[in-house]
Structure formats: structure tokens, C-alpha cells
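Please read the structure below before turning to the comments.
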Amino acid sequence: MQVTPMIWFITIAVTILFFVYEFFAHVRKPHEPSIAESARWSAFYIGLALLFGVGIGTVSGWTFGGEYFAGYLTEKALSIDNLFVFLIVMAGFAVPKKYQQKVLMIGIIIALILRGGFIAIGATLIENFSWVFYIFGGLLLVLAYRQAFSSHEANPANGRFMTLVRRVLPVTDEYHQDKLTVRQGGKRFVTPMLLTIIAIGFVDLVFAVDSIPAIYGLTNEAYIVFTANAFALMGLRQLFFLIGGLLERLVYLAQGLAVILGFIGVKLVFHALHVNELPFINGGEPLLWVPEIPIWFSLLFIAATIVVATAASLLKTRGNEKKDGRGLVHGEPVITTDPHDRDENSGVDEKTISTADTSR
């Protein structure tokens, strides 16, 4: 796949322009987006991502087109899992609804910057060290295991990292509109808004660790890796408000992602064996008998896994709602909100997370 520096420049410039437009058109003035607005823009960004994939397939061949679509699906699924953690973080910090757009926007920009750095590092490693596929594959298998048995109930807002941040930075008890810092009594304080952004940035860093190796398991093209990540993150803010309630019903999303990460981990190990150069494995010679999993199979497997995980989640939670008779889904984080939490000066303690009697 031939990607000139000019194409890279245009792609990055257009991506930046999209986010600048998003900020000034939708985020700069605090408000809670309507369902119609969220649906309209979510459909636009998803349609744009699909159109871009068709363009890659038409111009560069459908092998690369398939790699893009497989990467986009994987990154979109991981991004939705990311949204669930964002939901918990913002509930933990009691971010008023009308300011959540700004937090999400900044969080998404941080995610794109971090992933861009990881993409560059990954491309350099792959180009110079073929054995890095063993590391990526092993890492994904470990992450798949952790994903399968993880629980999203732990609130990053109360983790060790944020505890350390609170010790270092003086924090106000209340929000001051959407300001990040305020001056009180001649001293500069940070607001809970800034703490929320720091927490989400930390979450982004953690998610980039499994996101980038996962997509490099589907393609070696850094351009495809970047564009798939960029399109997966575009529209994520609108998707948050569109499916916010649905997020709590995707109880098998973690297990579905574990299957996808495990599959890509195996694919990476197979590829590492197929191009092996390590002297203590087969005398440094490639194991050509090891099968290479084709991209069309990867694409079908990833799409089928997402569909099955989503359908199974909705069926289970619908059944639980009928059993409860109250609309409460067992094992889901239920956000209870004080009637005054929409006030821009509401305190951090005005919203809490309550958890049903079984774990996610």
C-alpha cells in the first residue's frame, strides 16, 4: 500500500479539522444533546467511515479494504467498552449532564493523541523487529483473559492514581461551570472537571495498550491503523448520548471483546511463527507450515462475535427486567442522581453509583 507524505498530511489535517468543527459547533456551548442530534451525527460518522473503507478497497485493493474494516470494527467495539468506563468516571465525579460533552471531547482527543504515539512506536518496532509479533500476541492473550473476567464496577475516580492526584493538587468541592481551575482566597484550585479529564486521560492510556496491538494483529499498514482508530473515535461523543442507557445492558460485551482479543492474539502468534527469526525457535527459520489466518475470515469472525455478544446481552437483560418487574438489570451499575445534580455547582457527592446484587 503506497501512502505518500502528502496523503498522511492531508489525512491528519482533515482529522484535526473534524475535531475543531466538533468543538466549535457542538461542544463549546454547554448543552445536553438530544437523541435526534446524536443519532444524526452518529449515522454521519459511521457512514463516513464505511465510505472511506470502500475508497481504500477501490484504490488499494480489497485485501487492504478488508484489513481496514476488520480494524474499524475491532476499534469501534473497544471504544464502546471505553464509553462504559467513561460513564462510570463521570458518574463518580458527578459531572453535570450539560458539561459531559466537553469532558468526552477532551477525552477522545487525548485518546487519539495517545494512540497516534503508540501507532508510530508499533510501526517502528514491526519494521525492525519481527519478533515483536510474539510480544503483541502474548500481550493480547493476557488482556483477553483479563477482559473475560474483569468487572467494570471498579471506579477509576477512586483508584490509586486519582488518590495521588488529589494529594498533589488542591481541589474544590464544587463545579464552577465548565472551568478547569478557579482562584479562591488568593490561591489557585483545580475543579472536579479537571480531575475528571485527568481520570479519563489515564483510562485512555490503559485502553491504548490493548487497542494498538489488536489492530496491528489485523494489518501492518500504519495508515490503516491510524484511520481505523480515527474513524472509531469520531462520533464516539454522540454515540455516548445515543446509547448511554444501552451501555448498561451490554453485559456480555467484555466477554465478546475477550474472544476478539484472544483470536487476534492467536493470529499474531501464528504470524510470528510464520516469519520467525528467533534462533531458539526452529533454528531461526520460519515455520511455513503454520497457517496464516486470512483477513476475510478475521473480518467475519470479529463481526459475528460482536453481533452474538450484543444479541445475547440484550436477551439476558430483557429477561432479567421481566423477572424483576422493576426494570432493574441484575449486575448492572445503576446511576442514581440527586434532583439537583444538573445544577452547574452541584458537588461531587450529589451523585453516587449503586450496584445491583450480582457482578458484571
Side-chain angles (χ1 to χ4, degrees), residues 12 14-52 72-116 152 156-157 175 177-180 192-208 211 226-248 250 253 335 342 344 351:
I12 294 173
V14 170
T15 302
I16 292 173
L17 286 175
F18 265 111
F19 282 107
V20 170
Y21 171 78
E22 279 269 290
F23 177 80
F24 285 100
H26 303 292
V27 178
R28 190 177 185 184
K29 182 179 179 181
H31 72 286
E32 182 181 353
S34 65
I35 294 296
E37 176 186 341
S38 300
R40 186 166 57 250
W41 282 103
S42 293
F44 170 76
Y45 282 117
I46 291 173
L48 195 63
L50 297 178
L51 186 62
F52 185 83
Y72 173 72
L73 279 177
T74 301
E75 294 301 323
K76 199 68 175 178
L78 288 168
S79 296
I80 291 174
D81 195 43
N82 218 358
L83 282 182
F84 191 90
V85 182
F86 285 178
L87 179 67
I88 294 176
V89 170
M90 287 194 287
F93 283 107
V95 181
K97 284 282 188 180
K98 62 181 179 180
Y99 301 137
Q100 289 182 2
Q101 282 205 100
K102 183 174 182 178
V103 174
L104 283 169
M105 187 69 182
I106 295 174
I108 290 169
I109 291 173
I110 292 173
L112 186 59
I113 293 172
L114 289 174
R115 293 186 188 190
H152 284 314
Y175 283 88
Q177 299 179 354
D178 59 349
K179 294 179 181 178
L180 303 182
M193 178 72 78
L194 180 59
L195 285 190
T196 306
I197 292 171
I198 293 173
I200 284 181
F202 180 72
V203 169
D204 284 332
L205 178 62
V206 173
F207 270 82
S211 172
F226 176 78
T227 52
N229 269 276
F231 277 113
L233 291 172
M234 284 183 185
L236 197 60
R237 176 183 60 81
Q238 293 89 343
L239 195 63
F240 175 86
F241 293 99
L242 181 63
I243 66 170
L246 181 61
L247 282 174
E248 298 176 359
L250 298 179
L253 177 61
I335 301 174
R342 289 177 181 267
E344 61 189 24
K351 185 184 287 183

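In terms of heavy atoms, Ala230 sits closest to Thr15 at CB-CG2, 4.3 Å. Across all non-hydrogen atoms, the minimal contact from Ala199 to Phe93 is CB-CE1, 3.9 Å.
Here the straight-line distance linking atom CD1 of Ile200 with atom CD1 of Ile106 works out to 9.0 Å at 0.5 Å rounding. Leu233 CG to Lys76 NZ: the interatomic distance, rounded to the nearest 0.5 Å, is 7.5 Å. Atom OG of residue Ser42 and atom CZ of residue Arg237 lie 9.0 Å apart, to the nearest 0.5 angstrom. Atom CG in Leu17 sits 12.0 Å away from atom CD1 in Ile12 (nearest 0.5 Å). One finds the CD atom of Gln100 at 15.5 Å from the CE atom of Met105 (value rounded to the nearest 0.5 Å).
Residues satisfying the ring pair (Phe, Tyr, Trp, His ring centres under 6.0 Å) test with Phe52, not counting sequence neighbours, are Tyr68, Phe231. Remark: Lys102 pairs with Asp178 by the salt bridge (Lys or Arg N to Asp or Glu O under 4.0 Å) rule, at least two apart or across chains. In this structure Leu73 satisfies the side chain to side chain contact (heavy atoms under 4.5 Å, CB included) test together with Leu299, Ile302, Ala303, Ile306, sequence neighbours excluded. Residues passing the ring pair (Phe, Tyr, Trp, His ring centres under 6.0 Å) test with Phe44 are Trp41, sequence neighbours excluded.
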Run the side-chain contact (heavy atoms from CB on, under 4.5 Å) test on Thr196 and Val89 for me, step by step, so that the C-alpha distance in whole Å, both residues' side-chain angles and the decisive distance to 0.1 Å come before the verdict. CA-CA 7 Å; Thr196 306; Val89 170; 4.0 Å; yes
Side chains of residues 107-115: which donor-acceptor pairs under 3.5 Å do they make with residues two or more places apart or in other chains?
unit_1, atom_1, unit_2, atom_2, d
Arg115, NH1, Glu75, OE1, 3.2
Arg115, NH1, Asn229, OD1, 2.9

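Under the side chain to side chain donor-acceptor pair (under 3.5 Å) rule, Gln238 has a single partner from Gln101, Arg40, Glu22, which is Glu22.
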